[in-house]
Asks: 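Submitted below is the structure of interest, expressed as structure tokens.
First the proteins, then the strands, lettered A, B, ... as listed; each starts at 1.
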Number of protein chains: 2
Amino acid sequence: MTEQDLKTEEKILEAAMTVFIQKGKAAARMQEIADTAGINKALLHYYYRSKDKLYESVFSIVIKQLLLPKIFKILQEEEDVFALIHQFADFYVGVINKNPFIPLFVIEEINKNPNRLSNAVLNSGIPIEQVIARFQKAMDEGKIRKTDPRQILVNLISMCIFPVAARNMLLPILFNNSKTEYKKFLELRKTEVAEFIIQSIKI
Amino acid sequence: MTEQDLKTEEKILEAAMTVFIQKGKAAARMQEIADTAGINKALLHYYYRSKDKLYESVFSIVIKQLLLPKIFKILQEEEDVFALIHQFADFYVGVINKNPFIPLFVIEEINKNPNRLSNAVLNSGIPIEQVIARFQKAMDEGKIRKTDPRQILVNLISMCIFPVAARNMLLPILFNNSKTEYKKFLELRKTEVAEFIIQSIKI
DNA sequence: GTCTATAAATTGATAGAC
DNA sequence: GTCTATCAATTTATAGAC
């Protein structure tokens, strides 16, 4: 594979990522991806055989390179549940804010192709059971109040993802269309979400 | 307009709602809508001129009839912030659970057509400012801890909507694919979300 | 109003020259 | 490897009979 190959392949992938993530799979157009990459439509099929395959490549990269590795690290390494919540919220709000179209992209994929993402997560080695056990232990030790640990986890993820997915609705309704205000709001959220949860579960 | 007209028009609308909400606008097929409605494809164009117009009708109904009125009532009438949180969570988790494809449908629309939903909300008369003021007052009175009321509102909405939007991911990861478990989890959430928030903000 | 048949348009995919 | 030109398939939309 020559250097030119790599360059083109990467250009395509980057363009495809932009278009697929913004438009969704069905509404994305191969022509637009080609235009965005600054190359010809036929080249898309030369490198990736079909729209399906191209989409799969994009999805795989988003999940396996962008989202999962860091989360894996946090969930794996952080023993203290309060610190875990903080780190998780900080990373998640940050990465999603930097890639604001990912939530829609992922939620769409979840609904169109239910098993792909969950399999990726399950195969990624992310130790969900361990994390839940860690929360359970904190409850047994009287550090946090007793509740279903999954409720806490779901709350955490919800609060990180949704405000970005719903950006275009929140912006006019809560922020008078001020992007500065909204940005400040999200920046604060990195700690706010964690504090909100800890405030709720600590004893 | 005869009775038959109404019947057919309604059949179409109902079918369109099912298909659009489940597939998204781009992936929805007029043929499938016609089949679902049990009528011919040409009739779709006879009643609604185009796919676009049909979609708009569906979206308008979902928002203006299904989502907004009840929320308006709750936000308008309920003075006590704790009760407001409870009622809001109870209704929202319930309606979304009954119509699990709505979150994706709405989020998609938010991103494709940013102003439509927010305008609908802004024009619905939902008293956002009043609600925020009510939270502010509760803070001033020392009933809840001081924070940005919008953070609380966003948390509330996030926790109601996301778990249903992400159903297909949560199901295998947190519930071993047990729909019964997941259903129980969501049923509990109607009160759990409200309690979680109140626990966090009360003094 | 409702249908069948068909046109028109869009778009993913391929052939073939360079 | 990259392009232009074209095909083939899908899908929205319309014409016209009943």
Side-chain angles (χ1 to χ4, degrees), chain A residues 1-62 101 105 108-109 111-113 116, chain B residues 1-61 101 104-105 108-109 111-113 116:
Chain A
M1 215 180 274
T2 76
E3 194 178 307
Q4 186 60 20
D5 267 4
L6 268 180
K7 268 199 195 134
T8 304
E9 225 175 310
E10 273 173 17
K11 270 195 297 184
I12 292 176
L13 215 49
E14 216 166 295
M17 211 175 295
T18 307
V19 177
F20 274 132
I21 289 179
Q22 290 201 24
K23 301 280 170 81
K25 184 179 172 184
R29 297 285 164 252
M30 296 296 268
Q31 186 61 58
E32 188 178 353
I33 294 174
D35 292 347
T36 305
I39 52 115
N40 189 279
K41 202 172 53 159
L43 262 189
L44 298 181
H45 290 90
Y46 175 79
Y47 281 99
Y48 304 83
R49 290 184 51 80
S50 67
K51 188 182 178 182
D52 265 334
K53 301 243 190 258
L54 181 54
Y55 177 84
E56 283 192 33
S57 300
V58 169
F59 183 77
S60 177
I61 284 184
V62 168
F101 291 101
F105 176 71
E108 194 172 306
E109 178 63 17
N111 285 281
K112 305 274 146 81
N113 200 333
R116 187 129 43 125
Chain B
M1 211 181 274
T2 75
E3 193 179 308
Q4 187 58 21
D5 268 5
L6 268 178
K7 268 199 195 135
T8 304
E9 226 176 308
E10 273 173 17
K11 269 194 299 185
I12 291 177
L13 217 50
E14 215 165 296
M17 208 175 296
T18 307
V19 176
F20 274 132
I21 290 180
Q22 291 200 23
K23 300 282 170 79
K25 184 179 171 183
R29 297 286 163 251
M30 296 296 267
Q31 185 62 60
E32 187 178 353
I33 295 175
D35 293 347
T36 305
I39 52 115
N40 189 278
K41 204 174 48 163
L43 262 188
L44 297 182
H45 290 90
Y46 175 79
Y47 282 98
Y48 305 83
R49 289 185 54 81
S50 67
K51 186 181 179 182
D52 265 335
K53 301 244 188 256
L54 181 53
Y55 177 82
E56 283 193 31
S57 301
V58 168
F59 184 77
S60 177
I61 284 186
F101 292 101
L104 174 59
F105 176 71
E108 196 172 305
E109 177 63 15
N111 286 280
K112 306 275 146 82
N113 200 333
R116 188 130 40 126

Asks: Who passes side-chain hydrogen bond (donor to acceptor under 3.5 Å, both in side chains) against A:Q31, sequence neighbours left out?
Replies: A:D35
Asks: Would you give a per-nucleotide map of nucleotides 12-18 of chain D, 5' to 3', where B means the base has a protein non-hydrogen atom under 4.0 Å away, S means only the sugar-phosphate does, and - means neither?
Replies: BBBB---
Asks: Tell me the interatomic distance from A:K53, atom NZ, to C:dA13, atom C1', rounded to whole angstroms.
Replies: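 Value for this atom pair: 14 Å.
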Asks: Indicate, with yes or no, if the rings of A:Y48 and A:Y55 have centres closer together than 6.0 Å.
Replies: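 No, they do not, as the ring centres are separated by 6.0 Å or more.
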Asks: For A:Y48 and C:dT14, give me the distance from atom OH to atom P, rounded to whole Å.
Replies: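 Computing the A:Y48:OH to C:dT14:P distance gives 17 Å.
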Asks: Specify the separation, in whole Å, of atom CD1 of B:I39 and atom P of C:dT4.
Replies: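 It is 11 Å, rounded to the nearest whole Å.
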Asks: Could you walk me through whether A:M17 and A:F101 pass side-chain contact (heavy atoms from CB on, under 4.5 Å), step by step?
Replies: CA-CA 10 Å; A:M17 211 175 295; A:F101 291 101; over 6 Å; no
Asks: Given 3.5 Å as the limit, does a donor-acceptor pair link the side chain of A:T36 with the main chain of A:E32, or not?
Replies: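 Answer holds: yes.
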Asks: Given atom CG of A:L43 and atom C1' of C:dG12, what is their separation to the nearest angstrom?
Replies: 15 Å
Asks: Are B:E108 and B:K25 close enough, and set up right, to give a salt bridge (Lys or Arg N to Asp or Glu O under 4.0 Å), and what steps lead you there?
Replies: CA-CA 9 Å; B:E108 196 172 305; B:K25 184 179 171 183; over 6 Å; no
Asks: From NZ of B:K11 over to C1' of C:dC3, roughly how many Å is that when rounded to an integer?
Replies: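 Value for this atom pair: 13 Å.
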Asks: Could you give the CD1-to-P distance, from B:I33 to D:dT11, as a whole number of Å?
Replies: 12 Å
Asks: Keeping B:K23 on the side-chain end and A:K112 on the backbone end, is there a donor-acceptor pair under 3.5 Å?
Replies: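 The answer is no, because no donor-acceptor pair under 3.5 Å joins these two groups.
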Asks: Rounded off to whole Å, could you give me the OH-to-P distance for the A:Y47 and C:dT14 pair?
Replies: 17 Å
